[in-house]
Number of protein chains: 2
Amino acid sequence: MQTTNTTEQQIIDAAKKIFMQKGLAGARMQDIADEAGINKAMLHYYYRSKDKLFEMVFTEALEQLLKRINAIFTGDMPFKEKVAAAVDHYITSLSASPHLPIFIINELNQNPERIVERFVHAAEFPDIKKFMQEMLTEMEKGAIRKMSPLQLMMNTLSLCVFPFIAKPIISNVFGMNDEQYKALMEERKKSVTEFILMSLRP
Amino acid sequence: MQTTNTTEQQIIDAAKKIFMQKGLAGARMQDIADEAGINKAMLHYYYRSKDKLFEMVFTEALEQLLKRINAIFTGDMPFKEKVAAAVDHYITSLSASPHLPIFIINELNQNPERIVERFVHAAEFPDIKKFMQEMLTEMEKGAIRKMSPLQLMMNTLSLCVFPFIAKPIISNVFGMNDEQYKALMEERKKSVTEFILMSLRP
DNA sequence: ATTCTGTTTAACCATTTGGTTAAACTCAGG
DNA sequence: CCTGAGTTTAACCAAATGGTTAAACAGAAT
């Protein structure tokens with residue numbers, strides 16, 4: 001990924017970092033300017049207001065998250081492999097940017113209307129429903145036990161995403177440092193896949 | 001629970017509501033004063049600063065969350081019943097205060113040091129380890145299949161808590177209103193318990 | 001060289017925000 | 001009734017913050 005080093009790009013990179021770290025309310029325009037190594041007025045020159053700049057960052061982040069969610073579901077793998085691939089993909093992906101989900105969820109929670117506009121032209125999530133259809137097919141075939149596909153979908157996401165969201169609590173409760181936590185997440189790829197598939201035994 | 005209607009109590013009630021809704025950075029002292037129906041100066045009269053007031057609310061919320069986490073694990077039920085009881089308890093409990101986990105996790109994420117002082121004298125979480133010990137016992141007996149107790153613990157928490165944290169995304173992706181989502185959580189009590197126990201079949 | 005356009009800077013501004021202060025009010029005890 | 005301690009209020013303050021402006025700068029086109 002070649003991030004062209006124009007001022008414009010430097011700004012959104014800096015904004016992304018600061019907003020993800022401190023949230024909309026907590027982020028200061030000066031922080032972003034400092035992070036980008038430029039004057040505060042430049043922020044307003046390129047993106048008119050704090051809100052406009054935030055909107056830009058947030059939209060991109062949300063799209064990124066949604067893309068990740070159903071990146072795997074499109075493939076043509078057999079069902080069980082697809083589960084394994086999805087789990088692996090999520091955990092790998094979230095290891096690289098662990099703040100993404102908390103950022104999205106938190107801002108979305110403080111301003112739920114923000115999602116509305118975004119989802120009108122969303123070409124991002126139909127694949128999920130396709131995957132849920134595959135679940136039903138497998139159940140009919142008797143390859144896996146019957147259960148609500150929606151619940152199964154939520155379970156899969158929960159098992160992958162939650163440990164990253166709750167890292168500060170979990171790592172403290174069990175007294176782990178960052179390295180140990182990362183190892184735990186790595187081990188988790190196999191563990192979660194197995195957990196799901198074992199549960200789905202007919 | 002009789003919330004004595006002293007000014008003092010009114011303030012922390014209001015503060016709890018506003019902080020949970022907007023976070024530390026997003027909350028305004030004026031908002032809290034308005035919510036409590038009092039003058040802004042009163043906040044400083046009773047609790048010296050915004051930070052002090054926040055600390056109070058946050059600590060209480062964290063303790064509440066931790067208490068809930070291991071409320072069930074203390075009992076003397078057989079293992080499988082304990083799992084069912086725990087899942088039921090979490091989902092019921094979170095349905096009543098769905099903003100608790102997001103609040104904690106978000107603030108903890110922006111200021112991880114905050115947890116340190118809190119956990120020094122924590123008499124709150126040893127029960128979790130006791131429960132993990134019970135898992136091992138069950139595995140040795142062959143009553144459930146073998147897996148990492150830590151991962152199983154994380155799975156249980158993930159399955160219960162995540163759907164509340166990610167509600168704004170999930171309900172939008174699947175186009176559900178609040179009522180439907182609540183029903184989904186209700187259905188989830190049985191579904192998650194079953195999902196876990198089915199996975200643990202030897 | 002000069003002009004013209006887009007970019008960058010420093011100084012400035014209005015508003016918001018956390019916090020203070022001194023006066024006013026309440027009410028129990030003398 | 002009066003005093004005095006705790007409580008409440010309105011007015012105020014200094015700092016921080018998002019945003020503006022006009023001037024300076026750079027570099028391509030004429």
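- Using a 4.0 Å cut-off between charged side-chain N and carboxylate O, A:E179 and A:K182 make no salt bridge.
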Check: Which letters describe nucleotides 6-18 of chain C, given B = protein heavy atom under 4.0 Å from base, S = only from sugar-phosphate, - = neither?
Finding: SBBBB------SB

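- Rounded to whole angstrom, the span from the CG atom of A:L53 across to the C1' atom of D:dT17 amounts to 15 Å.
- Remark: P of C:dT21 and CZ of B:R48 are 13 Å apart, rounded to the nearest angstrom.
- One finds the NE2 atom of B:H99 at 13.0 Å from the CG atom of B:N106 (value rounded to the nearest 0.5 Å).
- Ring geometry, A:F19 versus A:F54: the interplanar angle exceeds 60°, so the pair is classed perpendicular (tilted spans 30 to 60°).
- Contact record, A:G23 with A:E107: CA-OE2, 3.2 Å, taken as the closest heavy-atom pair.
- Using cut-offs of 30° and 60° on the angle between ring planes, the pair A:F73 and A:Y90 is perpendicular.
- The nearest whole Å value for the distance from the CG atom in B:L43 to the C1' atom in D:dT8 is 12 Å.
- In this structure, the CD1 atom of A:I32 is 11 Å from the P atom of D:dG19, given to the nearest Å.
- Between A:K189 and A:E186 a salt bridge is recorded (basic side-chain N to carboxylate O distance below 4.0 Å).
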